Structures are given as structure tokens and as C-alpha cells.
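Whatever order the structure lists ligands and atoms in, that order sets their numbers, starting from 1. Just so it is clear, the model here is predicted, and its values are computed rather than measured. Heavy atoms only: backbone and side chains are in, while hydrogens, waters and symmetry mates are out.
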Amino acid sequence: MDLTEPEIPEAPASKGHPRQLYMLFFAEMWERFSFYGMKALLLAYMVTELKFDEPKGYAILGSYAALVYTMPMFGGIMADRFLGYRKAVLFGGILMSIGHLVLAVPEDWSFFYGMAFIICGNGFFKPNISSLVGTLYNDNDPRKDSGFSIFYMGINVGAALGGLLCGYVGQRISWHYGFGLAGIFMILGLVVFYFGQKSLKHRGLPPDQAVLKKPLFIGIPTEVVIYVATLLVIPAIVALFNQYEVMDYIMFGLGALSIAYILFISFQMEQAARYKLFAALVLIIFSTLFWGFYEQNAGSLNLFAMRNVDMTVAGVELPALSVNNFLPPAWVILLSFVFAWLWPALNRKGLEPSTPMKFGLSFVFLGIGFYVFYLGCQLSADTGLISLFTFAAGYFFIICGELCISPIGLSMVTKLSPAKIVGMMMGIWFFASAIGEFLAGKIGSLMSVPEDVVDQPVLSLPYYADIINQIGLYSIGIGVLLILLGPVIRKWMGDVR
Ligand code: PHE
């Protein structure tokens, strides 16, 4: 099996970026607006409006987010094998739009169905739009990393605006208006991609049109079978939400399968390519832990922000959900400039950390960030409210961590994987965050606060402080371990930097 032949993109090796990057930038920006706008509301909506008890809220949030990032594996495979990236992105965008609009319907049934549509849609949209960015550059094109950084900026501008606006509308006006606002922007993202995709020319087209049209099942073409089969998954996901305990087995089973799959593929390849996949595998496994800690942001830290952060600025009480969901992407936007300058500057001096080293640093930063939250808790035991300044400062470090892992990881996957399975590997990269999200739900539920103290900051604070402290310590420990393992992983990476 020949898995090593790279696709040669036609992008000229000029200094600027291919103009298609900006189309992908805006499509992804609006998609992320809706995605993060909705996610900002999710846990608080379940706990305060639907009156789920907290452990159940965390379990559903964890399951939702885990499934959201599990489906990209399937969406990635479907795109590699059949649909091509473009059709996959369009199909995914349509499902996500429907999902967000369904959530806006103020009926009981709509909640699980809306989430299920978003889960399936995201599976087709998210990995494949990232892979499209990868097709704009050759593997060793020095612009590739910075192309991904620009793309990452789009993600975060969308996330910041989405968190800010949907958080405000949802928390202060109506949950369903918040969800609806998210839906409108998803449709905008879809429209951008629909009209912009022609500029991609041959990139992301189906690998073989004939296969797509071939009747697969009672005369129905393969393409249609893929769409219909995906729609059939939706009620299955709704059933899963009703039986969320089953998720433990699913996530564990799929985790083991993905590791086995990467090992299987790697043993079919010649040595250099095999070791590259080993390197990718180890880094991917570590990334699950990163996301498990990091994603407290969309979970426990939403409730923490509502209960235990002093949101008054100049006498005005800011909506906690907006603040908590605006801060991280806003830091990403600011700090992206710093990192975009820092890496090349270090590179020129021969001091740029290797990819594994950056992964290690990401954990160290994340740990420091949580430690700052913890110090805030310690200093405010008497009021139960940590200052907004401390809250923002903690996120500063957490986001330094994110910027050492997330854009680097996307780029690493496209570089270390053989071209023909990039979509699939991108899917596995997202799946690692799925496991992380699931873990995050479990960690979050350790911070469940009993009903009778939710309105008493002094009493709710200790429920958070202890776990936050532990996250900080574990994270720093893991970071140090990774830094020590760095040289071995680098060797496996061969000529890839
Ligand atoms: N926040 C980034 C995004 O939405 C990175 C990310 C991806 C984070 C997947 C967690 C999971 O693309």
C-alpha cells in the first residue's frame, strides 16, 4: 500500500498567503461563533433552566463535547475516501445550521435533537475545513505554520464574539434567543463557504467522482447513502443522551481502536514514515490530558465565573458567561501576535523549541494558569469572590499553553501523516480532544456544588479551589515529563520540525 505520496499543491512559494486562506478563515470564523456561542450557554442552561443536577449537567456536557469531537474521525474518513473536503464541509455546515436552529425552539424535545445535529455536522465540517487549509501549502513550505496561525485567529475571533454576544443574550435575555443568535451566524459561515469554494479549484474535490455516483445500496448512490446514514445517527445520539452512562464504554473503546489503527497503519509503512506516526501518536495521547484540564473553561469555570468571580466593573455587573467565554479567545487573539513573532525570532537564533518541547511547555503554562486561579481562591476566602483581574490573569497563562499546543498540533498532524490519511489523522487529533472533553466532564463533576450553597460564594468556593489546585499541580508535572521525553520524540519525527 502506498500511503506516502504527497499531493503537490499549486500554491506559489511567494511570501504572502494563498488568498483562499481568507475565505476559509471567514467560513470557520462564523462557524466557531455559533459553536462557542452555544457552548457558552450549555451547562448553565442545563443547571439553572432545565434544573438538571450538576453531575448530570457535567455528564451531558462532557458527552456532547466528546461526541462533537468524535464525529470528525468519521467525517475525516468520509472526506478522504469519498466526499472530498469540500462536499464534507458543506454537508456539515448544513447539519450544524439545522442543529442551532432546532436549539432555538423552546420545547423540551429540541435540546437533545439540536445537539445531535450539531454533533454530526461538526464531524463533517471541522476536520475538513482544517485539512483544506493544509492543502494550500507544501509540507515543507515555511508558510504552513503561519497559515494555520492565521486560520486559528479566525477561529478565535469567532469564538470571542460568539461567547460575548450569545453569553449575554442567553444569560440576560433568553436562553433560546442566545441559541438562535448562534444559528444565524452558522448560516453566515455556510454561505461564505458555499460562494467561496470555487476559488479552491481542484483542492478538496472528491477523490473519485465515479465511486460517489456508484449505487451502493438498492440503487442509491454512495454519496446519498453517506448523507442518509449520517441522518440516521441523529436519533441514536439522542438515545445516547438519555443513557449517558454508556458513553464511558464508547469513549474507551474508540480510544483503544484509534491507537490500534495508527499502529496498524504505521507497520505497513517504511521506517521513517512509521516513526513519524509514532511521534504523532504519543503527542496526540498527551493532548487528551491537556484538553481535559483546559476544557474546564466550558464547564466548571462557567459556573465558577457565575458564583465565585466578582464581575462588577465600575459599578456594572458584567454577565459572567460572556466574560468567561470571551476571555480565552480574546487572549488567544492578543497572544497570537506575540507567538507569531516569538517562534520565528527564536528560530533565527536557532532557539525555537521543537514540537514536543512546545507540547511540554503547554502543560506547564496551563498548570501555572490554574495555580493563579487557586491563589485567587486562597486570597478571597473571606468574600468567596476572586477578582476579575486574577481570573483574567489565570486565563492569560492557560492561553499561552493553548498556543503552544493547539495550532502546533494541527500543523504537526498534517506534516507527520502520509497524505492519503491526513483527513483521518486530523479526525484522530480531534478525537483526542473528544476524550479530553469527556475527561473534562468527569473532572468538572468533582466540582459539583450542593444546591443549598450555590448562592453563597464563601461556601461554594472551596468546592472549586481544591480541584483547581490539583489540576495545576498535575499539569506542571506532566509538562516536565513531556519535556524530558522531547528528544526521543524529536528523533522519531525525522526531517519534520
Ligand atoms: N479552540 C480551537 C477550535 O475550536 C481549538 C480546539 C479544537 C480546542 C478542538 C478544543 C478542541 O478550533
Would you confirm whether [X], through its side chain, and [Y], through its main-chain N or O, come within 3.5 Å as a donor-acceptor pair?
X	Y	result
Gln296	Ala440	yes
Asn469	Ala465	no
Asn128	Gly75	yes

Atom OH of residue position Tyr194 - does it have more than 12 heavy atoms of other residues, nucleotides or ligands inside 6.0 Å?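 No - once you tally the heavy atoms of other residues, nucleotides and ligands closer than 6.0 Å, there are 12 at most.
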Indicate, as side chain, backbone, both or neither, the part of Phe35 found under 4.0 angstrom from ligand 1 when only non-hydrogen atoms are considered.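 No part of Phe35 is near ligand 1 at this cut-off.
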Side chain, backbone, both or neither: which part of Tyr294 has a heavy atom under 4.0 Å from ligand 1?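 None of Tyr294 does.
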I want to check a possible cation-pi pair here: Arg19 against Tyr22, using under 6.0 Å from ring centre and within 45° of the ring axis as the test.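 Here Arg19 fails the 6.0 Å and 45° test against Tyr22.
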As an exercise, identify every atom of ligand 1 less than 4.0 angstrom from a heavy atom of [X].
X	value
Ser433	9 (C), 11 (C)
Ile155	2 (C), 3 (C), 4 (O), 12 (O)
Ser406	5 (C)

Distance from atom 1 (N) of ligand 1 to nearest protein heavy atom, with residue and atom: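 Result: Tyr36 OH, 2.9 Å.
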Candidate with minimal heavy-atom separation from atom 12 (O) of ligand 1, of Arg32, Lys39, Lys126: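 Of the listed residues, Lys126 has the closest heavy atom.
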Out of Phe290, Trp291, Phe151, Tyr152, who gets a non-hydrogen atom closest to atom 8 (C) of ligand 1?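 Among Phe290, Trp291, Phe151, Tyr152, the closest heavy atom to atom 8 (C) of ligand 1 belongs to Trp291.
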Cut-off 3.5 Å, side chains only: do Asn324 and Tyr395 have a donor facing an acceptor?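 On atom types as modelled, these side chains qualify, holding a pair under 3.5 Å.
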